[in-house]
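Residue numbers count from 1 along this sequence. One-based numbering, in listed order, for ligands and for the atoms of each. When reading the values below, keep in mind they use all heavy atoms of this one structure, side chains included, and skip hydrogens, waters and symmetry mates.
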Amino acid sequence: MADTAANSQVNLIKAGLEDAVVSTSEICFIDGQKGRLLYRGFDVDDLAAQSTFEETVYLLWYGHLPTRKELEAHTKALSATANRKLPPKLIAMLRLFPKKTTPMEILRTGVSALSAFDPDADDNSREATLRKSIRLTAQMPTLVAAWERIRRGKPLMTPNPKLNLAGNFLYMMSGKPPTPLAAKTFDVALILHADHEFNASTFAARVTAATLSDVHSGVVSGIGALKGPLHGGANEQVMLMVDKIKDPAKAGAFIKKAIADKARLMGFGHRVYRVEDPRAKHLRRLATELGQQIHDMHYVEILNTVAAAVTAEKHIYPNVDLYSGAAYAAMGISTDQFTPIFAMSRVAGWAAHVLEQHGNNRLIRPRSDYIGATEARYVSLADR
Ligand code: ACO
């Protein structure tokens, strides 16, 4: 047995980089004790009540609320068919994938492929990155909707430049204009998911950007990280749990057993929040309103019972992923599209962080505390 390194003299930060502050940033602030979330200093509660996704994207990228003229130009760019449509060759590529391919796999692959068609692919200046970010934010809903329709054998919808990003996405998914409540709910959900400080996917995007790689690569890294069930993938897992519970009357017993089995309860807990995630209350309200509109409170009732049981028994609180799926399900969206929808919003934050990283860059390259062998002696294959 070879010697192992005895060099644990380094000051290891906590596992999972818990509490490690790795950079300054002016984009997003979280107060985990008070349950506050700010984008560029603005409380997300105020943005959810008064802003739009388009305006929030502007705020994240440019650092201030737009004037009317600035907002009009920005909204026009995000709505333009030229920016929303997918290259025909990309659509042809999508048709080649097995129909069972998950929407998150398609999104990760599709965003990577979009870079091959982008006229600014080789230009990482701030202006070009902003142009690419507009296109990516406009194209991702088209990509998500296109795969939904391709896998179900339906004809693709042409983006409608008169609809905002939220309304147009719902229209492209279903082929019908959304109800005003669905369009408004979806817009607020996009605002709530747009950024969240140095979460796993944003950090992944920043690590990629810090090599001076491009925004498409940063977003692909972000999508890959978001996909996991401990991060954005939790919203899909929540709905799978709700489908297993089936009946609100059985939710309490289900949770008791899950806690006894030491199962991870999806949609609960957070690395930063010690109270309820401020986004959860908005999504609970929106899911409730939509449930009432369609006269189906099944999901919301189960989730409310689950939330009460988990909070009482385990003292962990709902996060952003607990109620979002119930709202999307009420709009008729399939469960495996929930995480791609998260990404369609979070692209705003990823792009803001790529811009900030490029604006004051240093390669992100930490060390490990090596605890493996140091004196291993090579033995030829014949002698092993
Ligand atoms: N279910 C059960 N136990 C939990 C949960 C949970 N959801 N969250 C935390 N805990 C417990 C752990 O078992 C652990 O207990 P122990 O110390 O007795 O072993 C303790 O709380 C700390 O848990 P960690 O996993 O170390 O905490 P961490 O800060 O790494 O976890 C995370 C944060 C991953 C979000 C966690 O709460 C979790 O797994 N939640 C479920 C998945 C989820 O909803 N993810 C979405 C988060 S929001 C987002 O990313 C968009």
Side-chain angles (χ1 to χ4, degrees), residues 12-22 28 30-33 35-37 39 44 104 107 189-206 221-242 244-245 251-252 254-284 287 302-303 306-328 335 337-350 353:
L12 257 190
I13 43 185
K14 282 188 243 171
L17 301 186
E18 182 174 351
D19 295 332
V21 176
V22 297
C28 186
I30 303 172
D31 183 333
Q33 303 294 334
R36 273 192 95 203
L37 168 61
Y39 297 167
V44 79
M104 257 326 240
L107 187 64
L190 293 177
I191 294 172
L192 295 171
H193 287 85
D195 195 42
H196 210 231
E197 204 222 35
F198 273 43
N199 60 87
S201 60
T202 301
F203 189 55
R206 284 192 80 126
S221 302
I223 292 171
L226 189 74
K227 184 169 177 285
L230 293 187
H231 193 10
N235 59 9
E236 298 182 21
Q237 298 301 319
V238 167
M239 291 311 274
L240 299 178
M241 171 180 78
V242 169
K244 260 192 229 156
I245 295 174
F254 181 95
I255 292 303
K256 270 207 166 71
K257 180 168 183 327
I259 292 174
D261 293 347
K262 300 203 177 315
R264 202 145 275 254
L265 300 154
M266 295 298 166
F268 291 91
H270 200 273
R271 178 60 67 75
V272 184
Y273 293 117
R274 291 292 156 254
V275 292
E276 185 178 75
D277 181 328
R279 302 165 295 180
K281 65 176 178 294
H282 293 286
L283 291 159
R284 178 168 50 233
I302 291 180
L303 287 173
V306 164
V310 173
T311 305
E313 307 258 339
K314 189 92 183 145
H315 306 293
I316 48 173
Y317 299 92
N319 61 45
V320 70
D321 285 324
L322 190 67
Y323 286 96
S324 57
Y328 304 144
T335 301
Q337 291 287 14
F338 299 169
T339 317
I341 289 170
F342 193 150
M344 274 166 38
S345 161
R346 186 54 60 83
V347 65
W350 292 330
H353 283 271

- Task: For this output row, return yes or no: ring centroids of H196 and Y273 closer than 6.0 angstrom.
- Result: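 Between H196 and Y273, the centre distance is under 6.0 Å.
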
- Message: Can you confirm whether or not the ring centre of F198 sits under 6.0 Å from the ring centre of H353?
- Response: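 Ring-ring flag for F198/H353: true, centres closer than 6.0 Å.
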
Check ligand 1 against [X] and write out every atom of the ligand that is under 4.0 Å from a heavy-atom position of the residue.
| X | value |
| --- | --- |
| D321 | 46 (C), 48 (S), 49 (C), 51 (C) |
| G269 | 35 (C), 37 (O) |
| M266 | 41 (C), 42 (C), 44 (O) |
| F342 | 51 (C) |
| V320 | 51 (C) |

Any protein heavy atom under 4.0 Å from [atom]?
| atom | result |
| --- | --- |
| atom 21 (O) of ligand 1 | no |
| atom 26 (O) of ligand 1 | no |
| atom 36 (C) of ligand 1 | yes |
| atom 1 (N) of ligand 1 | yes |
| atom 17 (O) of ligand 1 | no |
| atom 11 (C) of ligand 1 | no |

What are the two closest non-hydrogen atoms of [X] and [Y], and how far apart are they?
| X | Y | value |
| --- | --- | --- |
| L37 | C28 | CD1-SG, 3.5 Å |
| K227 | T339 | CA-CG2, 4.4 Å |
| R346 | S201 | NH1-OG, 4.2 Å |
| A194 | Y39 | N-OH, 3.3 Å |

In this structure, does ligand 1 have an atom that sits under 4.0 Å from one of the heavy atoms of [X]?
| X | result |
| --- | --- |
| A15 | no |
| A263 | yes |
| K314 | yes |

- Should the ring pair Y328 and H193 be called parallel, tilted or perpendicular, given that the plane angle runs from 0 to 90° and is split at 30 and 60?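 It falls in the tilted class, 30° to 60°.
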
Report the nearest protein non-hydrogen atom to [atom]: residue, atom name, distance rounded to 0.1 Å.
| atom | answer |
| --- | --- |
| atom 7 (N) of ligand 1 | L265 O, 2.7 Å |
| atom 43 (C) of ligand 1 | A234 CB, 3.4 Å |
| atom 6 (C) of ligand 1 | I316 CD1, 3.5 Å |
| atom 45 (N) of ligand 1 | L230 O, 2.9 Å |
| atom 40 (N) of ligand 1 | F268 O, 2.9 Å |
| atom 49 (C) of ligand 1 | H231 ND1, 3.6 Å |
| atom 28 (P) of ligand 1 | R271 NE, 3.5 Å |
| atom 32 (C) of ligand 1 | R264 NH1, 4.4 Å |

Min N/O separation [X] to ligand 1 under 3.5 Å:
| X | result |
| --- | --- |
| G267 | yes |
| G232 | no |
| N319 | yes |

- Looking at CG of D321 and CD of E236, how far apart are the two atoms once the value is rounded to the nearest 0.5 Å?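 Answer rounded to 0.5 Å: 9.5 Å.
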
- Residues K281, E276: salt bridge by 4.0 Å N-O rule: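 No, no charged N to carboxylate O under 4.0 Å.
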
